[in-house]
Enquirer: 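Mind looking over this structure? Questions follow.
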Amino acid sequence: MTTPNRLLPFAPRRAVQVLAAVGAAALLVTGCGSDSDKGSDKKSDNAAESGGGTRTVKDATGTAVKVPANPKRIVTLTQEDLDAVLALGVKPVGITNGQGLSKPPAYLADKVKGINVVGNLLQPVMDKVVAAKPDLILAGDMQDEQMLKQLREITPATLVTMAPTDDWKLSFRGIGNALNKMNETNKVIGDYEAKAKKAGEGLGDNKGAEVSIVRWNPDGPSWMEKKQFASGVALDMGLKRPKAQDKDGNAHTPALSLEKINEIDGDWLFLSTLTSDGEKALKDVQEKPAYKDLGAVKKNHAVTVDGSVWSTRGGPIASTVVVDDIVKALK
């Protein structure tokens, strides 16, 4: 799986697993229980050393996993997992680079100084993971069964934290449960929802405006569906999507040609890129008449934002960044 396509639905070979994903993700929140078995297996040593024994939770695939009651050495394999644990006040011992990046995402840079990078997004270097001595690995939406097997040999406490249809709040609740921090998790979500509502109500003439959310790829723009992360944040603020983009789903469209560029128009246009090729393609098209004729462009309502925040699966910290970006532009 290549990182730019993480928003797309999973492949057919995962169809059976996907059918159970929503229920399984809910079990990630509710399906835990105490477990007095502290584990005699040698692979459970790290969990036992964390203190407090183990708990059993179900991950986003419905797999029951024993995790430390109070994990101390967490490795995150996606920026969404990283965002979540940082929001809960936990500093992991190993992280991966951001989506489409060769370094951690910029919006988290000041929070991850000194933390070892163990690979790229969903592409961990196993020796580096071993060296981190994790007692819990958060594996995002990992689909590679062979890689999951290797990770579980490092620690059986390896969780897939995202199912295809999960929004960031559901995934975050699952991670909060795995970390035994549900009270903190619910507070973070409550604080975010209050912030989003208040911010949306304070937009003046732009309250309820139609916002277009677009990622520019090397071969053209893709607009985000309503349940995609940044779109969900906009809806939480009481904003709307343009009629052409008012479609359910948590992915994005195929890249559009210039002949269909009117689909990305709106009262406001938020543009992001994930690669240098995408950034170049955006700069090139901004000189073309088809782009200059967009209503948002004519009104000077086209705003460039960070793709490593806006074009991802999202998390609690990223959600507040999106709120702040929208307020800065519209207010």
Enquirer: Look at the side-chain heavy atoms of Ile, Leu, Val, Met, Phe, Trp and Tyr, link any pair under 4.5 Å apart, and say whether L203 and V305 land in one connected group.
Expert: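 L203 and V305: one cluster.
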Enquirer: Go through it in stages, so that I can follow the logic: the residues are T312 and Q79, the test is side chain to side chain contact (heavy atoms under 4.5 Å, CB included), and I'd like the CA-CA distance, side-chain angles, deciding distance and then a yes or no.
Expert: CA-CA 9 Å; T312 64; Q79 71 182 53; 3.3 Å; yes
Enquirer: For V233 and Y192, run side chain to side chain contact (heavy atoms under 4.5 Å, CB included): C-alpha distance rounded to whole Å, both residues' side-chain angles, the deciding distance at 0.1 Å, then the answer.
Expert: CA-CA 10 Å; V233 174; Y192 153 75; 3.7 Å; yes
Enquirer: Identify whether the distance between the nearest side-chain nitrogen and carboxylate oxygen of K226 and D246 falls below 4.0 Å.
Expert: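 Salt bridge: yes.
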Enquirer: If the plane angle is over 60° it's perpendicular, under 30° parallel, otherwise tilted; pick one for W268 and H301.
Expert: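 Correct class here is parallel.
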Enquirer: Grouping I, L, V, M, F, W and Y whenever their side-chain heavy atoms are under 4.5 Å apart, do V323 and V321 come out in a common cluster?
Expert: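 Per the 4.5 Å side-chain linkage, V323 and V321 are co-clustered.
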Enquirer: For the atom pair NZ (K111) and CG (D83), what is the distance rounded to the nearest 0.5 Å?
Expert: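 Here the rounded value is 9.0 Å.
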Enquirer: Taking only residues at least two apart or on different chains, which pairs with a member in residues 316-331 satisfy salt bridge (Lys or Arg N to Asp or Glu O under 4.0 Å)?
Expert: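 Checked against salt bridge (Lys or Arg N to Asp or Glu O under 4.0 Å) - neighbours excluded - the pairs reaching residues 316-331 are K195-D324.
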Enquirer: I'd like to know if D248 and R241 make a salt bridge, using a cut-off of under 4.0 Å between side-chain N and carboxylate O.
Expert: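 Looking at D248 and R241, the cut-off is not met.
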Enquirer: Whether the side chain of E263 engages the backbone of L256 through a donor-acceptor N/O pair (distance < 3.5 Å, no angle test) should be reported.
Expert: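 No, because the side chain of E263 does not come within donor-acceptor range (under 3.5 Å) of the backbone of L256.
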Enquirer: Test of understanding: clusters of I, L, V, M, F, W, Y form through side-chain heavy atoms closer than 4.5 Å, transitively. Do I261 and M224 belong to the same one?
Expert: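 No; tracing contacts between hydrophobic side chains, which count when under 4.5 Å, never links both residues.
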Enquirer: Which is it for R55 and V57 under the side chain to side chain contact (heavy atoms under 4.5 Å, CB included) test, yes or no, and what are the steps along the way?
Expert: CA-CA 7 Å; R55 300 164 59 243; V57 301; 4.1 Å; yes
Enquirer: Any side-chain to backbone donor/acceptor pair from N217 onto P221? Under 3.5 Å, distance only.
Expert: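 No.
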Enquirer: With no hydrogens and no angle check, is any side-chain donor or acceptor of K247 less than 3.5 Å from a backbone partner on A244?
Expert: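 Present.
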Enquirer: Would a 4.5 Å heavy-atom cut-off, applied to side chains only, mark I213 and H252 as touching?
Expert: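 No, side chains not in contact.
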Enquirer: Please report the shortest heavy-atom distance between L138 and L179, naming the atom on each side.
Expert: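 For L138 and L179, the tightest heavy-atom pair comes out as CD1-CD1, 4.4 Å.
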Enquirer: Could you walk me through whether D277 and T275 pass side-chain hydrogen bond (donor to acceptor under 3.5 Å, both in side chains), step by step?
Expert: CA-CA 5 Å; D277 288 344; T275 65; 5.3 Å; no
Enquirer: So, do L108 and L82 sit near enough that their side-chain heavy atoms are less than 4.5 Å apart?
Expert: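 Of all side-chain heavy-atom pairs linking L82 with L108, at least one is under 4.5 Å.
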Enquirer: Could you go step by step and tell me if V118 and M126 meet the side chain to side chain contact (heavy atoms under 4.5 Å, CB included) rule?
Expert: CA-CA 8 Å; V118 300; M126 292 301 167; over 6 Å; no
Enquirer: Output yes when a side-chain donor or acceptor of Q228 lies under 3.5 Å from a complementary backbone atom of W310, and no otherwise.
Expert: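 Yes; at least one donor-acceptor contact below 3.5 Å.
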Enquirer: Checking S308 now: which residues fulfil side-chain hydrogen bond (donor to acceptor under 3.5 Å, both in side chains) with it, not counting sequence neighbours?
Expert: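 Counting only residues at least two positions away or on another chain, S308 forms a side-chain hydrogen bond (donor to acceptor under 3.5 Å, both in side chains) with D306.
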Enquirer: Salt bridge check, D166 against R173: does any charged N sit closer than 4.0 Å to a carboxylate O?
Expert: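 Between D166 and R173 there is no salt bridge, as every charged N stays at least 4.0 Å from the carboxylate O atoms.
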Enquirer: Check this for me, if you would: do E145 and K149 make a salt bridge, where the nitrogen-to-carboxylate-oxygen distance has to be below 4.0 angstrom?
Expert: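 No, E145 and K149 are not salt-bridged.
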Enquirer: Test side-chain hydrogen bond (donor to acceptor under 3.5 Å, both in side chains) on E80 and W168 and set out the steps.
Expert: CA-CA 8 Å; E80 293 86 0; W168 74 262; over 6 Å; no
Enquirer: Test your reading of the model: is there a side-chain donor-acceptor pair from E225 to the backbone of A251, 3.5 Å cut-off?
Expert: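 Yes, because the side chain of E225 sits within donor-acceptor range (under 3.5 Å) of the backbone of A251.
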Enquirer: Going from CD1 on I175 to OG1 on T161, what distance comes out if it is rounded to the nearest 0.5 angstrom?
Expert: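 These two atoms lie 4.5 Å from each other.
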Enquirer: Distance-only, no hydrogens or angles: does the D135 side chain make a donor-acceptor pair with backbone N or O of R73 under 3.5 Å?
Expert: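 Pair found, side chain donor or acceptor close to backbone of R73.
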Enquirer: Kindly say whether G140 contributes a backbone atom to a donor-acceptor pair with the side chain of D81 at under 3.5 angstrom?
Expert: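 Between the backbone of G140 and the side chain of D81 there is a qualifying donor-acceptor contact (under 3.5 Å).
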Enquirer: I'd like to know if D167 and K227 make a salt bridge, using a cut-off of under 4.0 Å between side-chain N and carboxylate O.
Expert: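 Looking at K227 together with D167, the answer is no, because their closest N to O distance does not fall below 4.0 Å.
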Enquirer: Give the minimum heavy-atom separation between S311 and R215, together with the two atoms involved.
Expert: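 Closest approach of S311 to R215: OG-CD, 3.4 Å.
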Enquirer: Does any part of the side chain of T78, heavy atoms only, come nearer than 4.5 Å to the side chain of L122, both counted from C-beta?
Expert: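 Sidechains of T78 and L122: in contact.
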Enquirer: Over 60° means perpendicular and under 30° means parallel, so tell me whether W216 and Y291 are parallel, tilted or perpendicular.
Expert: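 The arrangement is perpendicular - the two ring planes meet at more than 60°.
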Enquirer: Does the side chain of L77 reach to within under 4.5 Å of the side chain of I137, using non-hydrogen atoms?
Expert: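 They are in side-chain contact.
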